[in-house]
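Computed from a predicted structure; not experimentally measured.
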Amino acid sequence: MTDTFSIKGQIESSPALKSGTIDYDHHWTLNRGGILNIYGNLEYDDIARITGHPIPIKLIQFARQFQVNEQTLRLLNEKVFYNDKSTRFRETFNGYGAFNDLQFLKYLSNLKYFGFGAFHKIDLSPIRDYVELSDFGIGGYNIPLKPIEGYKHLTSFGFGDKIRDTKIISTFCNLENLGISSQNLKGLDFVFALEKLKSISFSFGGTTAFEDLTQLKKL
């Protein structure tokens with residue numbers, strides 16, 4: 001796809017799409033659920049329109065493959081993530097998205113809620129180097145947690161699929177909420193050291209180590 005791509009024509013030609021959309025332009029849509037889909041690089045006028053609506057932006061996602069410029073990321077960081085720390089950012093690394101790694105995080109220092117799914121190995125070092133996430137969700141295959149060992153900012157963390165080094169979770173000293181998906185864990189010893197942990201949730205799997213649950217008296 002080239003920069004001539006425009007979502008505006010698609011919205012205006014579909015009454016169904018238009019009815020579910022609060023505002024839109026050539027390279028972005030903001031729907032009534034507060035989800036901002038980005039299809040191309042943003043200008044200052046775009047951000048002014050997007051943030052001018054009373055509805056809070058709940059989720060941001062890049063909806064196609066294109067070369068995201070620094071200005072777009074800085075605008076999101078300064079005008080969205082800085083003003084609303086609860087806005088989430090979600091990305092999928094599958095070879096068809098806007099990014100192939102996490103280096104873009106160097107421009108998103110105000111980001112607090114982030115999640116991604118990946119179909120290839122992703123280096124998590126930029127999370128440690130550039131952002132102070134309070135909520136992080138990850139799904140994928142052969143992704144090691146080792147680069148964020150001792151990451152103290154997280155209060156909520158969720159993981160699924162084939163994540164490596166799950167024992168690293170025990171070093172997230174301020175973790176309060178843990179979500180576990182699509183796992184068949186042999187034990188929960190990796191959470192025993194988490195003194196602030198308040199809840200664990202399981203979906204599409206879990207553990208048969210019920211005796212470990214009895215040691216989690218604060219839950």
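No donor-acceptor pair closer than 3.5 Å links the side chain of Y151 to the backbone N or O of C173. T72 contributes no side-chain N or O that, together with a main-chain N or O of V68, makes up a donor-acceptor pair within less than 3.5 Å. E91 places no side-chain N or O within donor-acceptor distance of the main-chain N or O of G117, the cut-off being under 3.5 Å. Listed for the R32 side chain is no donor-acceptor partner under 3.5 Å among the backbone atoms of I55. In this structure, S134 contributes its side chain and L154 its backbone to no donor-acceptor pair below 3.5 Å. Counting only distance, with no hydrogens or angles, the side chain of R128 and the backbone of P147 share a donor-acceptor pair below 3.5 Å. Remark: side-chain polar atoms of N41 are paired, donor with acceptor, to backbone N or O of N69 under 3.5 angstrom. In this structure, the side chain of S13 engages the main chain of Q10 through a donor-acceptor pair within 3.5 Å.
Applying the side-chain hydrogen bond (donor to acceptor under 3.5 Å, both in side chains) test to every pair with at least one member in residues 162-173, sequence neighbours left out, gives these pairs: N142-R164, K167-D189.
S86 and D84 are linked by a side-chain donor-acceptor pair at a separation below 3.5 angstrom, with hydrogens and angles left out of the test. Looking at D46 and W28, their side chains do bring a donor and an acceptor atom within 3.5 Å of each other. Between the side chains of N31 and T21, not a single donor N or O lies within less than 3.5 Å of an accepting N or O.
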With side-chain hydrogen bond (donor to acceptor under 3.5 Å, both in side chains) as the criterion, how do N174 and K152 come out once you've worked through the C-alpha distance, each side chain's angles and the decisive distance to 0.1 Å? CA-CA 6 Å; N174 290 306; K152 64 182 180 180; over 6 Å; no
With side chain to side chain contact (heavy atoms under 4.5 Å, CB included) as the test, would you mind laying out the steps for L42 and Q71 before giving the verdict? CA-CA 8 Å; L42 303 177; Q71 173 180 280; over 6 Å; no
Using the rule given for side chain to side chain contact (heavy atoms under 4.5 Å, CB included), can you reason through F159 versus I169, listing the C-alpha separation, both sets of side-chain angles and the distance that settles it, and then say yes or no? CA-CA 10 Å; F159 71 97; I169 296 171; 3.5 Å; yes
F66/H27 under side chain to side chain contact (heavy atoms under 4.5 Å, CB included): CA gap, chis, key distance, verdict: CA-CA 11 Å; F66 68 98; H27 294 309; over 6 Å; no
Using the side chain to side chain contact (heavy atoms under 4.5 Å, CB included) rule, take T155 and L175 through it: C-alpha gap first, then chi angles, then the decisive distance, then the call. CA-CA 4 Å; T155 57; L175 198 67; 5.8 Å; no
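Of the candidates D161, I163, I148, I122, I163 is the only one forming a side chain to side chain contact (heavy atoms under 4.5 Å, CB included) with I138.
Here E132 contributes atom CD and I127 contributes atom CD1; the two are 13.0 Å apart, rounded to the nearest 0.5 Å. Rounding to the nearest 0.5 angstrom, the gap separating the CG atom in L73 from the CD atom in E78 is 11.0 Å.
Annotation: side chain of F157 is in contact with side chain of F172 (closest heavy-atom distance under 4.5 Å). With contacts defined as side-chain heavy-atom distances shorter than 4.5 Å, the pair D25/D45 does not qualify. The shortest side-chain heavy-atom distance between L197 and E176 does not fall under the 4.5 Å cut-off. Side-chain contact between L76 and I47 is present, with at least one heavy-atom pair separated by less than 4.5 Å. Looking at heavy atoms from C-beta onward, H53 lies in side-chain contact with D23 at the 4.5 angstrom threshold. Between Y24 and K18 there is a side-chain heavy-atom pair separated by less than 4.5 Å. Contact check for I35 versus L30: no side-chain heavy atoms found under the 4.5 Å cut-off. Side-chain contact between Q61 and R88: absent, with no pair of heavy atoms (C-beta onward) separated by less than 4.5 Å.
One finds no salt bridge joining D135 and K112 here, because no Lys/Arg side-chain nitrogen approaches an Asp/Glu carboxylate oxygen to under 4.0 Å.
Residues that satisfy the ring-ring contact (aromatic ring centres under 6.0 Å, His included) test with F81, not counting sequence neighbours, are absent from this structure.
Annotation: Y130, atom OH; neighbour count of heavy atoms from other residues, nucleotides and ligands within 6.0 Å is above 12.
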Using atom types as modelled, flag every donor-acceptor pair under 3.5 Å from a side chain in residues 95-106 to any protein atom, sequence neighbours excluded.
{"unit_1": "D101", "atom_1": "OD1", "unit_2": "Q103", "atom_2": "N", "d": "3.1"}

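Looking at every heavy atom in both residues, K85 comes nearest to Y113 through O-CD1, 3.1 Å.
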